[in-house]
Amino acid sequence: MVPLLLILIPLLTGLTAFFIKNEKAVRSWVLLSSGLTLSISLLGLTVLKEDKFLQFQCEWLQTLGSSFSVRLDGMGQLLCLLNAVAYPLILLATWNSSYKKSHNFFALMLLAQAGMMGVFLAMDALLFYFFWELALIPMYFLCSIWGGEKRIAVTFKFFIYTFVGSLLMLIGILFIYSHSPSHSFDIASFYEIHISSKQQQLVFWLFFIAFAIKMPIFPFHTWQPDTYEQAPTATTMVLSGVMVKMGVFGLIRWLLPVVPVASYQWGDVITTMAIIGMIYASLIAIQQDDLKRLVAYSSIAHIGLMCAAIFAENQSGMQGVMIQMFNHGINIIGLWIVVEIIERQFGTRKISELGGLAQKAPAMALLFVIVALANLALPLTNAFPGEFLMFNGLFNSLVTKYSVWFTAFAGISIILAAVYTLNMIRKVFYGNMNELTATVRDVRSNEKLALGIIVILIFCIGVYPQALLNVTKEFSEAIVKKADILPLFRGH
Amino acid sequence: MSITQILFWFLSVVALFSALMVITSKNPVYSVLWLIATFFAISGHYILLNAQFLAIVNIIVYAGAIMVLFLFVIMLMNLNKETEPQKNRWQKMAGAVAGGCLLLVLVAALKDSDIKQQQALVNGGSIGLIKNLGKELFTTYVIPFEISSVLFLSAMVGAVVIGKKE
Amino acid sequence: MINGLGRNRFSRTGVSLVGCGTILGSFILSIWVFIQVKDGNTHVADYFDFISVGSLKISFAFQIDQLSSIFLLIITGIGFLIHVYSTSYMKEEKPEHFGRYFSFLNLFIFSMLLLVMGANFVIMFIGWEGVGLCSYLLIGYWFKKQEYNKAANKAFIMNRIGDLAFLIAIFWLINKLGTVSYTEVFSSANLAKLKAGDITIITLLLFAGATGKSAQIPLYTWLPDAMAGPTPVSALIHAATMVTAGIYMIARSNLLFSLSSVTMDVVAYVGLATALLAATIALKQNDIKKVLAYSTVSQLGYMFLALGAGAYSAGVFHVMTHAFFKALLFLAAGSVIHAMSGEQDIRKMGGLGKKIKITFITFLIGCIAIAGIPPFSGFFSKDAILLAVYVKNPVLYGIALFGALLTAFYMFRLLFITFSGSNRGSEEQKQHLHESPSSMTIPLIILAVLSVVGGLVGIPELFMKGGDKFSAFLLPVIAQQDAHTVSHATEYMLMALSTGLVIITIIFAWFQFRNYQQKESSGFGKVLENKWFVDELYEKIIVNPLNKLGDFFNAIFEKSVIDGLVNGVGKLVNYSSRQLRLLQSGQVGLYVLLMVVSMVLIFVLQFFLRK
Amino acid sequence: MPINYYIFLSVALFCIGIVGVLTRRNAIIIFMCIELMLNAVNLLLVAFSKMHYKTALLAGDAATTAGTDGQLFVFFIMVVAAAEVSVGLAIIVMMYRNIHSVDVNFLNRLKH
Amino acid sequence: MNALIVSALLGVLMMFSGILLKQKKALRNVAIAGMVLLLMLNVLEMAGIVLFKIDTKGMMVFDRFALLFTTIAFASTLLYLLLSARDMEKVGINYAEYFALIFFILCGITLTASFKSLLILFLGIEIISIPLYILTGSDKKNLKSNEASLKYFLLGSFSTGLLLMGIALIYGARGTFYTNDITVFTEAKPSALIVAGMLLVLFSMSFKVSAAPFHFWTPDVYDGAPTVFTSFMATIVKAAFFIAFIRLFDDAFGLLQSKWQLLVAIITVATLFIGNITAVFQQSVKRMLAYSSIAQAGFMMLSLFAMNTDAKEGLLLYTAAYSLATIGIFAVLIKMNDYSFDGFNGFARQQPLLAATTTIFLLSLAGIPLTGGFLAKFYMLKAVMISGDHLWLVIVAIFMAAISVYYYFRVIQAMYFKEGDSPPIEVSRGFKWTLVLLAALVILLGIFPSLLLNWLYF
């Protein structure tokens, strides 16, 4: 019941929102909807823990071998929660931004939320694919209609890029389907397939490219900075906070356990790619003058680490990735909120045109610095346990011979992350004010509330990450066990 | 060489020659006339194959009705001169070569077919007679026959639509 | 123990009260703790599972034993003094900045306490990064000046480099032992499990982490720049406490380090090299705080030298004495700066000794202490180090002694230039010259007293039966290595040698700088003045290439290669579309021709190419 | 007569028709060439019909009507051809009325 | 059988009502009523109620597949008439005759959907083609329409010639026109006559469904024909040809699959490639849709390639989804003043409902999930995938589908993201509701395809 509600609430409210033409009303409606989603998600996490609440299945497309099967499991819980938390935050933070035809804007946002929920919940490959696309389409419209100057071309590139990826995934799904023993799209039958190593590699790449584009992993990332730059900030928050997690999520649920042998064979290559991407993106981020692009590249670097940690294929890495997905979502939304405030006030995102904001906007500076430091994975902020576990996983990976080197090089990126983050803080918030920034006003109460919640989350999770780790514990154990191919070797 | 064979070869040569003349004549009227000649040759073949009904229909419908219609249209348009300017030579050449190749390929493909030993019955058999055909047409083939009326209806409506002055 | 952050809503007095009060509370608690652990107890308080994944369990736990209690005392004690000092030093700041200052300072104390009290490496790491953060925040405290902010960034980033090594060391430990808690890692069973190679790597990595935090070669350059922060901060963080975290860490892991002679040598040599290098640079610096900063680096080098020589307790002892006299020196310098209205260049000072007596005297005491003249505290700790080094290798001893002489020389150079001779400052500064208020001088005096007598807790057995209490106290934590192999005579001789040489050096310095006049330095002096051009070197070989690389990636690689590939596909499609549509010429003849040609081709394929 | 002769003859006529379509640009002549192709088919069908008839005869079925369907097919082809001609010529005439030409090379308003 | 006879009769009825009824609205209503009747009778036949029981001597068989397709075609035609019948007025004066021709075409469609004899196939194709030649040229004053008509006629006749040659060769080899008898047993080596005939038939059918390299007529004809008829040609008629295509190859050459599968693959790839790539650079939406119809044909060819149950089910779904979507787009396009992409600029602001439905149609054509187009494509790919080791074909198809997004989304971009100032267009309320119904059907097919496909079995 819970997963069904999680999908249906945003879906139905989203559809209704198209018809609420009054801006105030639609805002409240959306806030109500997202609040409801959040509370249901929390209920699912705390009270309704029995299987009967967390599962829903009904017949659908049975001739195709597919059914409407959704379930909340460990990772799903966390990501649905992220999705549910993100929306109220975003709404709060952008309460003052006005959008023309706002009912359409919010309706599309909710549809995207429904799509993402579905992705996180689907237990059927075809259903997964459906939601995967359902999440993408509203994004396309959101970015193209309400985005910046170059929005059309940029968004289109984003769309085509991800669409190509998802089509490849579709081939992969079909391929597995046609080789699955029960000719079914159910995830259980996907986990049972036996195909040769060559076929596994094929499927691996088909899936991986889709996920790599979504995440994005170097060198599939070029859509991302442009899109983040052009999209309206509320959408960017959804994109970077929640949507990119779809790729990571996909890797964990749909790739590693399905084709463990190929994942093992290509693990080193992927990890290398991810780590090159981390350093590459960090170096570029150092050179960026545009706040949005800077955050975008930083996101690439962070996601690269998650990808690398996934292919470490051990529990430390896996759980690290899972909580990091949540934390990165929270943190990056925080960053975007501040970027949005800055852009709205000054009409520019150029770091070189800003400066000295801390003098007149100490609250903003403080909140931003905290979020930025969390982005750096400073201890006692939420990102630290995640990164710690991921690095630990990477280092202690049994499936690669180069774990030390991987860790060392990945580690370089955390140094570089310090460089660009601190430089940004220094140039934007410190130093002397110029004519432009002298007009700064501090954060409004709604923004403060949103950022405040984020900061509280940052510290709570930072101090007691075990709460989240417990949620994903069993799930990650199961995944790691499924992905483990060492018994195969022992068997032969 | 029996008379039938002589006739066969003769008719074949006539048919091929006049067909070639159809496509090479500069004047459209000549083309029509050569085409009629071809049809006659083909009708000759039909007779040779003892398909009298078709031979007659061929002459009446094709040579008689259709070709007259063609001729009529050509005359109407005043195309009875060598109005056609020289077509692009390369395209002509290419067309001829392509057609030739197709012929070559088809012949090469079909020459060793499994029925190459078989013969077509010449000068005998009654299936081509009007009695047999008629019986068959109005029993087994009555549905297609009726359906072809729809075809004619649509052609008629079509001719009206196209031809009617607005 | 965990302080509430004094936030900026309070009035200034409120902030000072909260800030100082909490630290005082901590201090009192520390004393209580100290008494508790005096007789060799170790308390481990396990609060909750911080991270527990698979077989890896990291709990949020504190461990208090002798080593940490010493550090607790130093941190809270000196911290308290400096808080008190700060209340007046910083009083010209705006209220909210004043509050910010104290909240940072308290946050620092919190992190530092976390660092020393953590019961495992991860908690230590948390504090470790936390102090780095506070250092960053406090260096960049005057955030209007981009120079300061750059210094702050530099400090943080260099620390991060070290942190990374530390982190990898932790992973290595997890990999080999599956645990990070001290009690388990240092249990003999676990230590026996480790291979020699692993130990060497782990300890080297830990040491690399320490070089970042404790400003050793090659990561020392941030510390002098860190003097951009308010002077009390320099005193607290960049002299007395945070920078000694590295020493704490190595002392904490002494069991591990002792198992790897390679690492021990590396630690010793790096420490010595740092000590010498920093000392030479300090000879030519003109900023009063910079001199002290290099001196700190140099003294930290000595501490590492001690650790490398296996004299852990000597190292920790020096940490303590150094905390006293260096905090004193910094605070005194702060007082000088305060008196000179913010002037830090010693070339513009001079003759201050008469005007600000208390400062002068306390500064003098600090100098004597650092120079190592008995019976001041510095003498005992430095002597313990030198002795340990002598045992390890007499040549090293010689070099270390030379470094000690340099220390004496530049410290007294500083003293004489600042306080003797005639005042070279502007008229206004001369007018303004005054002694600091009592809230500043009292900490100075307390520290001066401590600098004088602090060494006595570690007074060697040579002078007093039952001496060397310090080492004895630390015995449960630090296995005693330095069994005395030198005779008492040698020990006396060494002491006399060092003391004598130091005094000669001081006298030499007196003649040199009694009446300091500004003059251009040349040749080698220039190199020293420019700090051996190390910063420039780093800039050239690391920062610039990275920037260039980033530029290249950003401007060229990203746009033309990766994005170019993606867009290229689109362009290719577009181009082929433009070409392909020309096929659709509108000519029926061509259409038929193409159809016939493809028919021919398909026939050929079907009949003649396929078997 | 060996059936191959008829096959080759028909195919030859058929290809001549195709060549005509390819090389001429007068719409009427192209149309005539198409009629030629149809006639080639007709001839082939009749020949096959007689072939099948003969085969059936040789198999011993004296009263066979095998092959009738082939000739009837020819009949239908003629029917269709007649209908097609009426429509085709109407279209050509309409074309001629508008542009006073039946040259297919002038048919190039629609391209790319 | 019901449909066959009634559609012919309706054609005749329309011919006469053209004389009797002078009011166009009345004519339209008669046509629509006739269409409803036709649809109902066809549905009745699916339920087992057959009004006319005539022995076709096995030349036709009205099986579920045929009936379901004719139902789809009739339903699409009904919607088409509801949306676009009014626009036929603009084409010319022969309003009643257009309806008559459409009914004749439907008669032909019934034939091509249910033939078991090559003769019926031939007649069906001709009954469809001849009225189409006329409809294409029905805008007599328009040179483009003339030109399209003539081109279509010449090329169409040419392809008929090919078809007949093929049939003749097959007849030569087998002595029968019944499709089931052509390859009733497996032979070690099929007769060259059959193979050659099959190829010629393949070419001809490829021509009819506008598969490359026999597609050249398509863009020109679709572009030149009056838009209202392009809509009909590009959807229902093309679907009918496809049904004939797959039926023929299933019945007659199913056992020879190894002989033609590679060729079909080549044709499919070429079609996908040419259709999609060329569509990218078009400036006119109408012409783009023509190329897109080629591209879609490429996808439908996949069902021919795979030739299994999934393929047939999928083809039905595909024809339905594709027809509905394309009819919808064309219905909107007819209303536009400017057929170029720029003509759609700012359309969403002017006509939000039309823009929204058009978007749904375009998404369906592009194959975005939750629309019928996606499931249709999905069925095709799945059919190919389970038919054996043909991953490469699927990958090609997928990449081409990705390219197709490019040109479909150009329209969406123009409608939603660009500013335009074209004069407003007038549409009736009924038109809007029909369009919404159409869009709803497209989405319904995308979510519950079983609503349609279950009819095949139950």
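By convention in this document, chain letters (A, B, ...) are assigned in the order of the sequence lines, proteins followed by strands, and residues within each chain are numbered from 1.
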Would E/I109 and E/I128 count as a side-chain contact (heavy atoms from CB on, under 4.5 Å) if you check the C-alpha gap in whole Å, the side-chain angles of each, and the deciding distance to 0.1 Å?
CA-CA 7 Å; E/I109 286 175; E/I128 295 171; 3.9 Å; yes
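- Not a single donor-acceptor pair under 3.5 Å links the side chain of E/S149 to the backbone N or O of E/I134.
- You'll find the side chain of E/L38 stays beyond 4.5 Å of the side chain of E/N2, heavy atoms only.
- Scanning residues 152-169 of chain E against chain B with a 4.5 Å non-hydrogen threshold yields E/L169, sorted by number.
- Side chains of B/C101 and B/V97 form a contact here, defined as non-hydrogen atoms less than 4.5 Å apart.
- Neither the backbone nor the side chain of E/I105 comes within contact range of chain B; no heavy atom of the residue lies under 4.5 Å from a heavy atom of that chain.
- Per-residue heavy-atom pair counts under 4.5 Å with chain E were compared for B/V160, B/L153, B/T139, and the maximum is reached by B/L153.
- Aromatic pair E/F103/E/F99: ring centres not closer than 6.0 Å.
- Residues E/I170 and E/L193 are not in side-chain contact: their nearest non-hydrogen atoms beyond the backbone lie 4.5 Å or more apart.
- The shortest distance between side-chain heavy atoms of E/M88 and E/Y95 falls below 4.5 Å.
- The existence of a salt bridge linking E/D139 and E/K141 is excluded, since no basic side-chain nitrogen approaches an acidic carboxylate oxygen closer than 4.0 Å.
- Heavy atoms closer than 4.5 Å to chain B are found nowhere in E/L199, neither backbone nor side chain.
- Annotation: E/Y98 is in aromatic contact with E/F229 [ring centroid separation under 6.0 Å].
- Looking at E/L101, only its side chain comes within 4.5 Å of chain B, counting heavy atoms on both sides.
- Heavy atoms closer than 4.5 Å to chain B are found nowhere in E/V195, neither backbone nor side chain.
- The part of E/I120 that comes within reach of chain B is its side chain, from C-beta onward, which places non-hydrogen atoms under 4.5 angstrom from that chain.
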